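Working notes, beginning with the structure itself.
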Amino acid sequence: MGIKDLLRFMKPHIEPIHIKKYAGKRVGIDAYSWLHKGAYSCSMELSLNMEGEKKFQYLNYFMHQINLLRHHKIIPVVVFDGGNIPCKATTENERHRRRKANRDLAMEKLKEGNFNAASELFQRAVSITPSTAHQLIQILRSENIEFVVSPYEADAQLAYLSSLEAEKGGIVAVISEDSDLLAYGCPAVVFKMDRYGNGEEIVQNKVFESASCVPSFQCFDKELFTGMCVLAGCDFLPSVPGIGITKAYSLVSKYRNLDRVLSILKFEKHNQMPEDYSKLFREAVAVFQHARIYDADSKMPQTPKTSSRKAFAVSR
DNA sequence: AATCATGGCTCAT
DNA sequence: GCCATGATT
């Protein structure tokens, strides 16, 4: 779910841009967002694993976007999700359950001959499997497009790559649909990029420095911003009842210190607040700050542990 | 006024 | 994942 209501809250800090402004630069792509969009054009074919070309139409969509970037001399770096992070398991299970329910319903409608109802349900059942991702990886290889499979969340990997110099494999911006990127502290994120290259950009430095935009983040730093995001409710920790993005912003901008915010919160909401919220809060902030990532140069996950999954190399 | 819960949409014909 | 909307607090 990303950070609840964050993008709407940040609206005044969004600037419409064309992706060509990144000509000559390395730009990270959250593979999941384009895979998911592309899968809508062939959701039934994917769900039923049908024969024929159309099943692969999502690849055409993805490569169209890639070619758009290359046309503007942008160097794309595609980042895939790896395994699921344990604290996100309940969110993930719920999604899986709903997709399966929609798929079963779609099959029924299809048997009844109700094609329109079926295809609508197949769209809701759409899910990106390792197989669909692997089809794409093969094409990226053959086209010499750089890609990385993150050990866990692509968001974390994209944030890490954003912190590196281009010479060390770094990127200068991220294309995604996920507001979590802002909580991770990405310097520049482009949301809602369409097929012509138009998108909506949020640049961290501009957010912190802007004197004219309301809400103002002039007294914020990266930690306070991440804290605000966690307070508002994220995938790792639900918010305290009654606290949304607006209250989270007010608290952080008033007290300018996360420990102080927690004290006040404990005082005001002690009835509805879990006993261990402070601990869980600090852990969630730490997840955003010290995300598990795959370091292409060291060829090892930086936080080695539970490496049941394959470590993937980059193609460079 | 802000949060919460729900339902519709992402492609492309 | 996002967004809009109406009920709920």
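Numbers restart at 1 for each chain; the letters A, B, ... are given by sequence-line order, proteins then strands. No experiment lies behind these values; they were computed from the predicted model shown.
One interatomic measurement links the two molecules: CG of A:Asn102 to C1' of B:dG8, which rounds to 12 Å at whole-angstrom precision. Computed from coordinates, the A:Lys269 NZ to C:dT9 P distance equals 14 Å when rounded to whole Å. If you measure from atom NZ of A:Lys192 to atom C1' of B:dC11, you get 16 Å, rounded to the nearest angstrom. Straight-line distance from the CD atom of A:Glu45 to the C1' atom of B:dA12: 12 Å, rounded to whole Å. If you measure from atom CG of A:Leu6 to atom P of C:dC3, you get 10 Å, rounded to the nearest angstrom. Atom P of nucleotide C:dC2 and atom CE of A:Met193 are separated by 18 Å, given to the nearest angstrom.
Classification of A:Glu177 and A:Lys37 as a salt-bridged pair holds, one side-chain N sitting under 4.0 Å from a carboxylate O.
A search for ring-ring contact (aromatic ring centres under 6.0 Å, His included) contacts involving A:His72 returns A:His18, not counting sequence neighbours. Under the ring-ring contact (aromatic ring centres under 6.0 Å, His included) criterion, A:Phe208 pairs with no residue at all, not counting sequence neighbours. A:Lys222 is linked by a salt bridge (Lys or Arg N to Asp or Glu O under 4.0 Å) to nothing, counting only residues two or more places apart in sequence or in another chain. Here A:Lys100 pairs with A:Asp104 under the salt bridge (Lys or Arg N to Asp or Glu O under 4.0 Å) rule; sequence neighbours left out.
No engagement by A:Ser176 is indicated, since no non-hydrogen atom pair under 4.0 Å with the nucleic acid exists.
The ring of A:Phe217 has its center closer than 6.0 angstrom to the ring center of A:His13.
Of the candidates C:dC2, B:dC11, C:dC3, the closest approach to any side-chain atom of A:Asp178 belongs to C:dC2. Between B:dC11, C:dC2, C:dC3, one nucleotide has an atom nearer to the side chain of A:Ser179 than all others, and that is C:dC2.
For the pair A:Cys234/A:Phe288, a side-chain contact is recorded, criterion being any heavy-atom separation below 4.5 Å from C-beta on. Looking at heavy atoms from C-beta onward, A:Ile128 lies out of side-chain contact with A:Phe80 at the 4.5 angstrom threshold.
Proximity of residues 194-202 of chain A to DNA chain B (heavy atom under 4.0 angstrom from any strand atom) is restricted to A:Arg195. Residues from residues 117-125 of chain A with heavy atoms under 4.0 angstrom of DNA chain B, sorted by number: A:Gln123, A:Arg124.
Under the salt bridge (charged side-chain N to carboxylate O under 4.0 Å, His left out) criterion, no residue pair touches residues 180-189 of chain A, with sequence neighbours excluded. Here salt bridge (charged side-chain N to carboxylate O under 4.0 Å, His left out) pairs that include residues 266-279 of chain A, with residues two or more places apart or in two chains, are A:Lys279-A:Glu283.
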For nucleotides 1-6 of chain B, print each protein N/O atom paired with a nucleotide N/O atom at under 3.5 Å, atom names and distance only.
residue, atom, partner, partner atom, Å
B:dT3, OP1, A:Gly244, N, 2.7
B:dT3, OP1, A:Gly244, O, 3.3
B:dT3, OP1, A:Lys247, N, 3.0
B:dT3, OP2, A:Thr246, OG1, 3.0
B:dC4, OP1, A:Gly242, N, 2.7

A:Glu15 vs A:Lys21, salt bridge (Lys or Arg N to Asp or Glu O under 4.0 Å): CA-CA, chis, key distance, verdict: CA-CA 13 Å; A:Glu15 190 184 338; A:Lys21 75 175 274 189; 5.6 Å; no
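A:Ile29 pairs with exactly one of A:Ile145, A:Val79, A:Val77, A:Ile66 by the side chain to side chain contact (heavy atoms under 4.5 Å, CB included) rule, that one being A:Ile66.
Between A:Ser43 and the phosphate of B:dC11, there is no side-chain N or O to OP1/OP2 separation shorter than 4.0 Å.
Both key distances under 3.5 Å define a Watson-Crick or G-U pair, and stretches of 3 or more such consecutive pairs in DNA chain B run B:1-9 with C:1-9.
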Which donor-acceptor pairs under 3.5 Å do the side chains of residues 110-119 of chain A make with protein atoms, sequence neighbours left out?
residue, atom, partner, partner atom, Å
A:Asn114, OD1, A:Ala117, N, 3.2
A:Ser119, OG, A:Asn116, O, 3.3

Which donor-acceptor pairs under 3.5 Å do the side chains of residues 4-11 of chain A make with protein atoms, sequence neighbours left out?
residue, atom, partner, partner atom, Å
A:Asp5, OD1, A:Arg8, NH2, 2.9

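Nearest-nucleotide positions on DNA chain B for A:Tyr61 and A:Arg98 put A:Arg98 closer to the 5' end.
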